[in-house]
Amino acid sequence: MRVSRSLAKTLRQDPGEAETASHRLMLRAGMMMQVGAGVYSYLPLALQSIQKIEAIIREEINAAGGQEVLMPALQPLEIWKQSGRDVAFGDNMFHLFDRREREMVIAPTHEEVITLIATSNVESYRDLPLLLYQIQTKFRDEPRPRAGLLRGREFTMKDAYSFDTDEEALDVTYQRMRIAYRNIFRRCGLPTLEVEADSGAIGGKDSHEFIMPADSGEDTVLVCPTGDYAANSERAISVIFPAPESPEGELTLLETPGVKTIADLVASMGISEAQTLKAVFYAADNAIVLVTIRGDIDVNEVKLKNLLGVRDLRLATADEARSAGLTPGSTSPIGLTSIKRIGDPSIEQGNNFVAGANQDNKHYKNVNYPRDFEVDTIAPIGTSKAGDGCPNCGAFLDEVRGIEVGHVFKLGTFFTRTFGGDYLDDEGKLNPMVMGCYGIGVTRVLAAAIEQNHDDKGILYPAPIAPFQVHLVALNADKEEVSAAADETYAQLLALGYDVLFDDRLGESAGVKFNDADLLGLPVRVVISPRNLKNGVVEIKRRRAAESTQVPAAELSAAVAEALAKDEN
RNA sequence: CGGGGUGUGGCGCAGCCCGGUAGCGCGCCUGCAUGGGGUGCAGGAGGCCGUUGGUUCGAAUCCAAUCACCCCGACCA
């Protein structure tokens, strides 16, 4: 591609609306344009990267036995009613009416349709296992789209669905897909953590996320430095630090005027957070639930939601708490029997806690479980954090921020039971197929790649997903000998099979061209200039290297190959 | 949905308080010079001031409504 003929121009200044690195750089580099909140046009530079990512995905999923299909975004609401997921998705799904006033949706995902496909094509165990996938546009009316392609309302996703005879067969498929995913991210040149994940409301047993470490990420992952454990914080089960224990004291009421929070308690009594209990009240599908947990640990709402099996979970308002008999500021499980009470195991890790008294401006000291209060259920609902112990080896866990780019999980038989997805086994009996599902956010991978690979001058593409591999720059291109040599080099590189962006612009200064090259971040830059021509050399610089090297013009091909190879390590 | 903010040439912004018919930088076009890290000089093109309504002799500016977008929180690839 010749820059003189290319559509998009680079911007010298950062666009005002973009704060996140990938968003800012993609707009500056002329890769995309915003159409609406979370909705973008992909211009050639972005599209070519996306297509390279897709090509790698196709190769690996095909190698894993996948067959590519393409399903519609526009779907009748009916099938979503059938699965009940019209309610589950709620406002996150786009709805519309056709001319006959039939309600349609624009699909956020494709379990319903793929199950219908499998249901009408699979008859016996001889048709299984089956792995179907598509690369297609998803529509989700996100509550808050953000950061360009990191979280859009319209985005490209690779979604794969597997159908197996039973759980054991699904295990095999699931492991094969995990390996395919590792291959995909490795081949894209993108280091990715594979972590245990929450499988969500309909999820089955196993679930893993692929997380690209990046500060701008929305996920927090806990990783054991020994490498034997990695999990999303939504899901992580860690060993908590024990609180100091002492001989049990007598339950004593304290006057604590003005003390409303754990921080207040800690400050006024000179104790540690781990020597307190906090009681947090939630509205769970409109019932009030009281959660008691050690003061140094935060409630993990994902775990709590899963435990309660509710759809909506939020902190209750102070008024709701009062009408349930609680005293905000001094909330306590002590003496409380009227509402559902959940306890985290941390309330047994330590003793003689300070806790609320359910009376204004009063707390108790020497609170001990179960001597002084009861709960209905003890279950781990705390948030793991850095410094907790690894559940496998006890080492201190590290916390890493990252972007979720892939998710695999076992679905089980929910959809096949709903849509009659039965097959005949080798004894002639009907069984529901067992499903797995596997997603990669393709456009998000691009944004995450830039989050992970940039400096203050611009993007640093991993070579496999760069829109072009080589950025050929002609300096003083209006000089006859330069343009002739550059044209020749361009043809030569194309003939060698490289994707080349050729900056053939007349009249742009060297500085402009170099800065554009740094901004676009293609892995290898080749410079043709009067100076180099006089010396009989071409100049090669890797974007990631500080210095350029000069090689005889005849060795160009080998030098480019070597530079690209270096980049892939 | 709650909280905070912004809408003025392609991009970044000023002007708004205190109403008088829009300005700066970048980019773009033309010419001359320059020629290895956003080069210089000269000339030029380009704006329904988000939208609607109101106040006024007069509105980018004041009032009201509305729309859009961004950021922070609950959701997901």
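So that the names make sense, note that chain A is the first sequence line, chain B the second, and so on, each numbered from 1. Being a predicted model, the structure only gives us computed values, none of them experimental.
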Under a 3.5 Å distance rule, please check whether A:Arg176 uses its side chain to pair with a backbone N or O of A:Ala64 as donor and acceptor.
yes
Ignoring backbone atoms, test whether A:Arg144 places a side-chain nitrogen or oxygen under 4.0 Å from the OP1 or OP2 oxygen of B:G73.
yes
Just by distance, do the side chain of A:Arg153 and the backbone of A:Pro145 share a donor-acceptor pair under 3.5 Å?
no
What integer distance in Å separates A:His407:NE2 from B:C75:C1'?
14 Å
Expressed as a whole number of angstroms, how long is the span from A:Phe409:CZ to B:A77:P?
6 Å
Where the side chain of A:Glu404 is concerned, which of B:G12, B:C76, B:C71 is the nearest nucleotide?
B:C76
Specify the separation, in whole Å, of atom CD1 of A:Ile57 and atom P of B:A77.
15 Å
Report the relative orientation of the aromatic rings in A:Tyr490 and A:Phe502; use parallel for angles under 30°, tilted for 30 to 60°, perpendicular for over 60°.
tilted
Under 4.0 Å from OP1 or OP2 of B:C76: is there any side-chain N or O of A:Arg140 that close?
no
Looking at A:Arg235 and A:Glu209, is any side-chain nitrogen of the basic one under 4.0 Å from a carboxylate oxygen of the acidic one?
no
Using the P atom as the reference point in each nucleotide, state the distance between B:C63 and B:G5 in Å, no decimals.
16 Å
Rounded to whole Å, please give me the gap between CG in A:Leu11 and P in B:G12.
8 Å
Say you pick atom C1' in B:G10 and the same atom in B:C71; how far apart are they, in whole Å?
25 Å
In terms of side-chain heavy atoms, does A:Glu451 have a donor or acceptor partner in A:Ser216 at a distance below 3.5 Å?
yes
If you go through the side-chain atoms of A:Arg146, does one of them form a donor-acceptor pair with the base of B:C70 closer than 3.5 Å?
no
C1' gap between B:G23 and B:G38, integer Å:
24 Å
Output the rounded distance in Å from CG (A:Asn232) to C1' (B:A77).
13 Å
Can you find an N or O donor on one side and an acceptor on the other, under 3.5 Å apart, linking the side chain of A:Asp516 with the base of B:G38?
yes
Can you tell me, in whole Å, how much space there is between the P of B:A33 and that of B:C70?
47 Å
I'd like to know if A:Arg12 reaches the base of B:G10 with its side chain, counting only an N/O donor and acceptor under 3.5 Å.
no
At 4.0 Å (heavy atoms only), tell me whether A:Glu539 reaches a base, stays on the sugar-phosphate, or touches nothing.
base
Side chain A:Glu508 and base B:G38 donor-acceptor under 3.5 Å
no
Counting only side-chain heavy atoms from C-beta out, which of B:G38, B:C71, B:A77 sits nearest to A:Asn515?
B:G38
Given the C1' atoms of B:A65 and B:U21, what is the spacing between them in whole Å?
25 Å
Return the value, rounded to whole Å, for the distance between atom CD1 of A:Ile440 and atom P of B:A77.
12 Å
On the 0 to 90° scale, with breaks at 30° and 60°, tag the A:Tyr40-A:His23 ring pair as parallel, tilted or perpendicular.
perpendicular
Taking the P atom in each of B:G12 and B:C69, what is the distance between them to the nearest angstrom?
16 Å
Can you measure A:Phe94 atom CZ to B:C76 atom P for me and round it to whole angstrom units?
16 Å
Under 3.5 Å donor-acceptor pair, A:Arg28 side-chain atoms to B:G38 base atoms
yes
Could you work out which one of B:G35, B:C69, B:G25 sits closest to the side chain of A:Asp478?
B:G35
Looking only at atom C1', what distance separates B:C49 and B:U8, rounded to whole Å?
4 Å
B:C70, OP1 or OP2 - any side-chain N/O from A:Gln34 closer than 4.0 Å?
yes
When all nucleic acid strands are considered with a 4.0 Å heavy-atom cut-off, which category describes A:Ala147: base, sugar-phosphate, or nothing?
sugar-phosphate
Work out how far the C1' atom of B:A14 is from that of B:U6, and round it to whole angstrom.
15 Å
